[in-house]
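Please read these numbers as outputs of a predicted model, since none were measured by experiment. We use all heavy atoms of the structure for the numbers below, so side chains are in, but hydrogens, waters and symmetry mates are not. For ligands, and for the atoms within them, numbers begin at 1 and follow the listed sequence. Residue numbers run from 1 in the order of the sequence given.
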Amino acid sequence: MPRIYLSSPHMGGGELALVQDAFQSNWIAPLGPHVNAFESEFASYVGIAHAAALSSGTAALHLGLRLLGVRRGDEVLCSTLTFSASANPIVYEGAEPVFIDSSRDDWNIDPGLLAEELAASARRGRLPRALIAVDLYGQSVDWDPVRRACAQYDVPIIEDAAEALGASYKGARCGTFGKLAVFSFNGNKIITTSGGGMLVSEDAGLVERARFLATQARDPAPHYQHSTVGFNYRLSNICAAIGRGQLRVLEERVARRRAVFERYREGLSSLPGLELMPEPSHGRSNRWLTCILLDPSAFGATREDVRLALAERDIEARPIWKPMHLQPVFAGCRAIGGTVSEDLFARGLCLPSGSNLTDAEIDEVIEVVRATCRENVRGEVRP
Ligand SMILES: *Cc1c(COP(=O)(O)O)cnc(C)c1O
């Protein structure tokens, strides 16, 4: 049996012809017609006015912080339960991340804790410069209370929708809830350009400035003239061609990931001590990854037991993101709450969820997980 991956690239079939077109026109560069077309097709899919195609989601977050004027010594609030790429760019700018715990309802930033922290920082006279809130595993933040709290103190939001392309909140697509939002097209995301990212906004000026900063901040002059420090963060025309092909199958990818989740739900939800990631009524998840939570006393095995049993069968599964406030690299940063994300990390596991998995492969995963459950372990007494 071939290895079963957590989330592997899934080409739609049309990508190669678009890449060939890029070769034929000799736009083998970090600009060109596919970059422009990818930006406009992407913006219209998300339902936002402007988009800048960049070399990664991390680059998009970094530019986002620059655009919002984040400076050395500023505080930037950030979801603690996320991938480190959400928080690293805060440190690139010399600012200090302050991590906020998750809500049980959707595993995303807890709006109540956020409001308390904003009120406390206003009393201290030191408001954060920005908030980075993550739509985790393709499940939207509860945006209404989060936006209300930030609006009250004029704190701009960067929506980290790297995992949430194709998901929505109350009918509007993820990526439309911040002053800026970012997406990722890394190899494991719901669509991929092999590597790439997008920064989107309703504000034309911000996105224009992002393109300027992403191409070494060249002033309009015949010679090379620079008045500010720039970056080399644009997406290649080749990668943009792949992205355009992937965009054409995005809806199918979301439908398949949701079907993968459903198959797991049918196969696993009857097991004692096993829950699946919730999907509150406010959001429609893209189910980028199917995540389970285990209660070891009822289930009879820990998430590590299950992960190792899967690894034994050459099946890749990963613990839920380790919260940023527990990461050695962020030791000493402030954290607001933390027990919810700590519990999700201790008990949570991401199962293989690629849109290219076959039903037989999903059933194999289900079978291994079921076999680790106490009620299915024969002749062995487990604590
Ligand atoms: C993948 C990811 C990123 C980073 O995107 P890259 O394109 O890999 O740089 C940022 N935030 C979250 C939540 C992610 O999952």
I'd like a table of the close N/O pairs between ligand 1 and the protein (anything under 3.5 Å), one pair per line with both atom names and the distance.
{"residue": "ligand 1", "atom": "5 (O)", "partner": "Ser184", "partner atom": "OG", "Å": "3.2"}
{"residue": "ligand 1", "atom": "7 (O)", "partner": "Gly57", "partner atom": "N", "Å": "2.8"}
{"residue": "ligand 1", "atom": "7 (O)", "partner": "Ser184", "partner atom": "OG", "Å": "2.7"}
{"residue": "ligand 1", "atom": "8 (O)", "partner": "Asn186", "partner atom": "ND2", "Å": "2.8"}
{"residue": "ligand 1", "atom": "9 (O)", "partner": "Gly57", "partner atom": "N", "Å": "3.3"}
{"residue": "ligand 1", "atom": "9 (O)", "partner": "Thr58", "partner atom": "N", "Å": "2.9"}
{"residue": "ligand 1", "atom": "9 (O)", "partner": "Thr58", "partner atom": "OG1", "Å": "2.5"}
{"residue": "ligand 1", "atom": "11 (N)", "partner": "Asp160", "partner atom": "OD1", "Å": "3.3"}
{"residue": "ligand 1", "atom": "11 (N)", "partner": "Asp160", "partner atom": "OD2", "Å": "2.8"}
{"residue": "ligand 1", "atom": "15 (O)", "partner": "Glu163", "partner atom": "OE2", "Å": "2.6"}
{"residue": "ligand 1", "atom": "15 (O)", "partner": "Lys189", "partner atom": "NZ", "Å": "3.3"}

Scan the side chains in residues 47-58 for donor-acceptor partners under 3.5 Å anywhere in the protein, sequence neighbours excluded, and list what turns up.
{"residue": "Ser55", "atom": "OG", "partner": "Tyr233", "partner atom": "O", "Å": "3.4"}
{"residue": "Ser56", "atom": "OG", "partner": "Thr58", "partner atom": "N", "Å": "3.3"}
{"residue": "Ser56", "atom": "OG", "partner": "Ala59", "partner atom": "N", "Å": "2.9"}

Under 3.5 Å donor-acceptor pairs involving side-chain atoms of residues 172-190, not counting sequence neighbours:
{"residue": "Arg173", "atom": "NE", "partner": "Tyr45", "partner atom": "O", "Å": "3.0"}
{"residue": "Thr176", "atom": "OG1", "partner": "Arg173", "partner atom": "O", "Å": "2.6"}
{"residue": "Ser184", "atom": "OG", "partner": "Asn186", "partner atom": "N", "Å": "3.1"}

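- Using cut-offs of 30° and 60° for the angle between ring planes, the His62 and Phe231 rings count as perpendicular.
- For Thr290, there are no side-chain hydrogen bond (donor to acceptor under 3.5 Å, both in side chains) partners, not counting sequence neighbours.
- Taking the six-membered ring where the residue is Trp, the centroids of Tyr169 and His282 are separated by under 6.0 Å.
- Here the rule is side chain to side chain donor-acceptor pair (under 3.5 Å) with Ser7, and of Glu316, Arg257, Arg318 only Arg257 fits it.
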